[in-house]
Amino acid sequence: MKVIWALAGAAIAAGVGLGGLGLVIARRLTAPVSGRKFDLTIRGVDSSGERPIVILDRTPRTAAPGDYCLILENAGWVKLAPGVEDRGPSLVGREVVGESWPAVAVGQRASWSGIYFQSPADAGLKSLDIEIQTDVGPAPAWLVTPQGPPSTTWAIHIHGLGSTRAGTLRGVQVASEAGLTSLVVTYRNDGEGPRVGSGRSELGAAEVDDARAAVEYARENGARSVVLFGWSMGAAIALQLAADPRLRGSVTGLVLDSPILDWVATLKANCARAHLPAWTGALAVAWLDLRPLTRLAGLTDPVRMNTFDWIARADELTVPTLILHGTRDSSSPFCLSTNFTALRPNLIDLERFDADHTMTWNSDSAHWRAVVSSWLALDIASL
């Protein structure tokens with residue numbers, strides 16, 4: 001009997017421990033927006049050429065060819081050339097590009113970023129600052145008008161978890177060149193949109209209401225059809241909107257970069273990246289799904305994780321969809337995009353990149369732009 005009680009006690013303790021780990025994971029995933037981490041140090045600056053070359057520690061990120069940006073701790077932005085210079089076994093050199101750049105110095109702290117443009121003007125775009133009226137307050141947005149006549153097809157650009165609307169400007173450029181009016185939106189608790197409750201993300205479950213308000217704004221201001229550009233969690237939001245019967249006939253296409261197609265699989269991938277067993281990601285589901293537990297996790301309402309499983313919901317996709325996804329994505333498993341495409345090959349085009357999460361444009365911007373431009377031309381022509 002003592003042995004039985006000892007085993008029962010151990011099982012209870014293990015259950016409590018695992019439950020606590022699930023709560024930690026849930027709270028980490030939904031944590032309010034925090035400051036950027038400046039985890040790189042500029043090791044040297046070579047000023048012998050026409051443009052400075054920044055010397056950095058060699059990491060998978062800093063050694064990846066492509067168009068990237070250093071955001072300095074003093075708020076300066078430094079755009080870097082695609083090429084990578086070998087500066088020894090532990091260092092790389094990246095040339096600074098652009099018409100002007102902030103002073104860079106040895107010892108400065110910086111953050112590596114795929115967000116390449118700070119603002120529409122930085123991306124060569126003309127924009128107006130507007131507000132989308134949501135049920136939780138006004139959400140700032142950029143209204144970007146293309147050259148030429150007014151567009152009756154609009155693109156709405158939805159950023160991902162932990163990112164900002166500036167990250168979507170990589171796609172706004174292409175949409176504008178295709179002649180589309182663009183609406184670059186914010187949503188609740190993203191650091192720019194309305195702050196609600198504890199400031200925690202609801203992983204798209206509530207944020208979709210703010211994006212829906214943006215679609216309604218577009219329809220009220222001349223849009224007869226809408227193409228949704230979604231990045232990461234923004235893609236999960238876009239898919240929810242495309243399946244919304246209230247928007248049937250309005251949303252006519254999706255461009256999804258590094259999409260979240262299944263939150264549970266994504267949680268497992270991120271746990272593995274954090275050197276935890278992948279299965280521990282599933283421990284967070286109850287804390288996100290069950291109302292009594294979601295309150296303890298700091299959320300107002302349940303997320304309902306199964307509603308974000310687009311492998312299970314593949315039959316609900318009804319509009320042409322372009323997916324751009326990196327095969328080295330360590331946050332949103334690339335295999336989910338291949339599975340989703342296999343289930344709906346008549347509607348989905350999948351373009352592979354040798355890139356990490358949301359870095360497809362950065363890894364090969366010319367190819368990214370060409371693929372999206374060609375797809376938009378076909379999609380718009382079919383309307």
Task: Charged N-O contact under 4.0 Å between Arg212 and Asp244 - done: yes

- [ ] Using distance alone, with no hydrogens and no angle criterion, decide if Arg224 and Thr153 have a side-chain donor and acceptor under 3.5 Å apart.
- [x] no

- [ ] Could you grab the distance from atom CG of Leu143 to atom CG of Leu125, nearest 0.5 Å is fine?
- [x] 11.5 Å

TODO: Kindly say whether Pro259 contributes a backbone atom to a donor-acceptor pair with the side chain of Ser332 at under 3.5 angstrom?
DONE: yes

Task: Exercise: do Arg170 and Asn362 side chains pair donor with acceptor under 3.5 Å - done: yes

Task: No-hydrogen, no-angle side-chain donor-acceptor test under 3.5 Å, Ser111 and Arg36 - done: yes

Task: Close side-chain approach of Leu80 to Asp67, heavy-atom, < 4.5 Å - done: no

Task: Pair listing, side-chain hydrogen bond (donor to acceptor under 3.5 Å, both in side chains) test, anchored in residues 52-66, at least two apart - done: Arg43-Asp57, Arg58-Asp86, Thr59-Thr62

Task: From CA spacing to verdict: side chain to side chain contact (heavy atoms under 4.5 Å, CB included), Asn74, Gln108 - done: CA-CA 9 Å; Asn74 65 5; Gln108 279 183 309; 3.5 Å; yes

Open item on the list: When you measure from the side chain of Arg313 to the backbone of Thr307, do you find a donor-acceptor pair of N or O atoms at a distance under 3.5 Å?
Closed with: yes

Task: Val174 versus Arg369, closest heavy-atom pair with distance - done: CG2-CG, 3.7 Å

Open item on the list: Testing the basics here: between Gly204 and Phe308, what is the closest heavy-atom pair and its distance to 0.1 Å?
Closed with: C-CZ, 3.6 Å

Task: Side-chain donor/acceptor of Arg200 to backbone N/O of Thr300, under 3.5 Å - done: no

Open item on the list: What I want to find out is whether Asp356 reaches Arg328 closely enough, with some N-O distance under 4.0 Å, to be called a salt bridge.
Closed with: no

- [ ] Output yes when a side-chain donor or acceptor of Gln173 lies under 3.5 Å from a complementary backbone atom of Ala123, and no otherwise.
- [x] yes

Task: Lys/Arg N to Asp/Glu carboxylate O, Asp135 vs Arg188, below 4.0 Å - done: yes

Open item on the list: Exactly one of Ile237, Leu239, Ile158 should register a side-chain contact (heavy atoms from CB on, under 4.5 Å) with Val208. Which one does?
Closed with: Ile237

TODO: Output yes when a side-chain donor or acceptor of Trp263 lies under 3.5 Å from a complementary backbone atom of Ile260, and no otherwise.
DONE: no

TODO: Could you check if a side-chain atom of Asp289 sits within less than 4.5 angstrom of a side-chain atom of Pro302, using non-hydrogen atoms only?
DONE: no

- [ ] List the steps, then state whether side-chain hydrogen bond (donor to acceptor under 3.5 Å, both in side chains) holds for Trp310 with Asp262.
- [x] CA-CA 6 Å; Trp310 285 95; Asp262 178 355; over 6 Å; no

Open item on the list: Is the ring pair Phe229/His157 parallel, tilted or perpendicular, if the boundaries are 30 and 60 degrees?
Closed with: tilted

TODO: Locate the shortest heavy-atom distance separating Thr164 from Glu192; write the atom from each residue and the value.
DONE: CB-OE1, 3.9 Å

Open item on the list: Whether the side chain of Arg344 engages the backbone of Leu317 through a donor-acceptor N/O pair (distance < 3.5 Å, no angle test) should be reported.
Closed with: yes

Open item on the list: Clusters formed by hydrophobic residues whose side-chain heavy atoms approach within less than 4.5 Å: which one holds Leu91, and what are its other members?
Closed with: Ile53, Ile55

- [ ] Measure the OG1-CH2 distance between Thr358 and Trp231 for me, rounded to the nearest 0.5 Å.
- [x] 7.0 Å

Task: Pair listing, salt bridge (charged side-chain N to carboxylate O under 4.0 Å, His left out) test, anchored in residues 107-128, at least two apart - done: Lys79-Asp122

Task: Set of residues satisfying salt bridge (Lys or Arg N to Asp or Glu O under 4.0 Å) with respect to Glu73, sequence neighbours excluded - done: none

Open item on the list: Would you say that Leu180 contacts Trp154 through its side chain, given a criterion of any heavy-atom pair below 4.5 Å between the two side chains?
Closed with: no

Open item on the list: So which atom in Gly253 and which in Trp375 form the shortest heavy-atom distance, rounded to 0.1 Å?
Closed with: CA-CH2, 4.1 Å

- [ ] Compare every heavy atom of Val226 with every heavy atom of Ala218, then report the nearest pair and how far apart it is.
- [x] CB-CG2, 4.3 Å

Open item on the list: When you compare the side chains of His325 and Asp257, does any donor N or O come within less than 3.5 Å of an acceptor on the partner?
Closed with: no

- [ ] Compare every heavy atom of Leu23 with every heavy atom of Ala297, then report the nearest pair and how far apart it is.
- [x] CA-CD1, 3.9 Å

- [ ] Could you tell me which residues satisfy salt bridge (Lys or Arg N to Asp or Glu O under 4.0 Å) with Glu216, sequence neighbours excluded, listed by chain and number?
- [x] Arg219

Open item on the list: Using 0.5 Å steps for rounding, measure from the CG atom of Leu256 to the OG atom of Ser232.
Closed with: 11.0 Å

Task: Side-chain heavy-atom pair Leu324, Val372 within 4.5 angstrom cut-off - done: yes

Open item on the list: Evaluate Asp210 against Val136 for side chain to side chain contact (heavy atoms under 4.5 Å, CB included), listing each step before the verdict.
Closed with: CA-CA 8 Å; Asp210 306 334; Val136 291; 3.9 Å; yes

- [ ] Could you check His159, Glu207, Arg165 and say which one makes a side-chain hydrogen bond (donor to acceptor under 3.5 Å, both in side chains) with Tyr187?
- [x] His159

Open item on the list: Contact between Val255 and Leu228 at the side-chain level, heavy atoms closer than 4.5 Å - yes or no?
Closed with: no

Open item on the list: Would the distance check show the side chain of Arg195 and the main-chain N or O of Ser198 forming a donor-acceptor pair, the cut-off being under 3.5 Å?
Closed with: yes

Task: Donor-acceptor contact present, side-chain Arg94 to main-chain Gly83, <3.5 Å - done: yes

Open item on the list: Is the shortest side-chain heavy-atom distance between Pro333 and Thr266 below 4.5 Å?
Closed with: yes

- [ ] Under the side chain to side chain contact (heavy atoms under 4.5 Å, CB included) rule, what do Leu72 and Val78 come out as? Steps first, then yes or no, please.
- [x] CA-CA 8 Å; Leu72 304 179; Val78 181; 4.0 Å; yes

Open item on the list: With a 3.5 Å distance limit and no angle check, can you tell me whether Ser176 reaches the backbone of Val172 through a side-chain donor-acceptor pair?
Closed with: no

- [ ] Taking atom types as modelled, find out whether Trp368 and Thr360 have a side-chain donor-acceptor pair closer than 3.5 angstrom.
- [x] yes

Open item on the list: In the structure I gave you, are the side-chain heavy atoms of Ser337 and Leu261 within less than 4.5 Å of one another anywhere?
Closed with: yes

Open item on the list: Quiz question: by atom type and distance under 3.5 Å, do the side chains of Asn189 and Ser201 form a donor-acceptor pair?
Closed with: no

Task: Interatomic distance, Trp77 atom CH2 to Ile115 atom CD1 [nearest 0.5 angstrom] - done: 5.5 Å

Task: Aromatic contact, Tyr116 with Trp361 (centres under 6.0 Å) - done: yes

Task: Donor-acceptor under 3.5 Å (Thr186 side chain, Ala141 main chain) - done: no

Task: Leu183 vs Ile132 side-chain heavy atoms within contact, under 4.5 Å - done: yes

Task: Check: Ser330/His357 side-chain N/O donor and acceptor closer than 3.5 Å - done: no

TODO: Please identify each residue that fulfils ring pair (Phe, Tyr, Trp, His ring centres under 6.0 Å) with Trp112, with sequence neighbours left out.
DONE: Tyr68

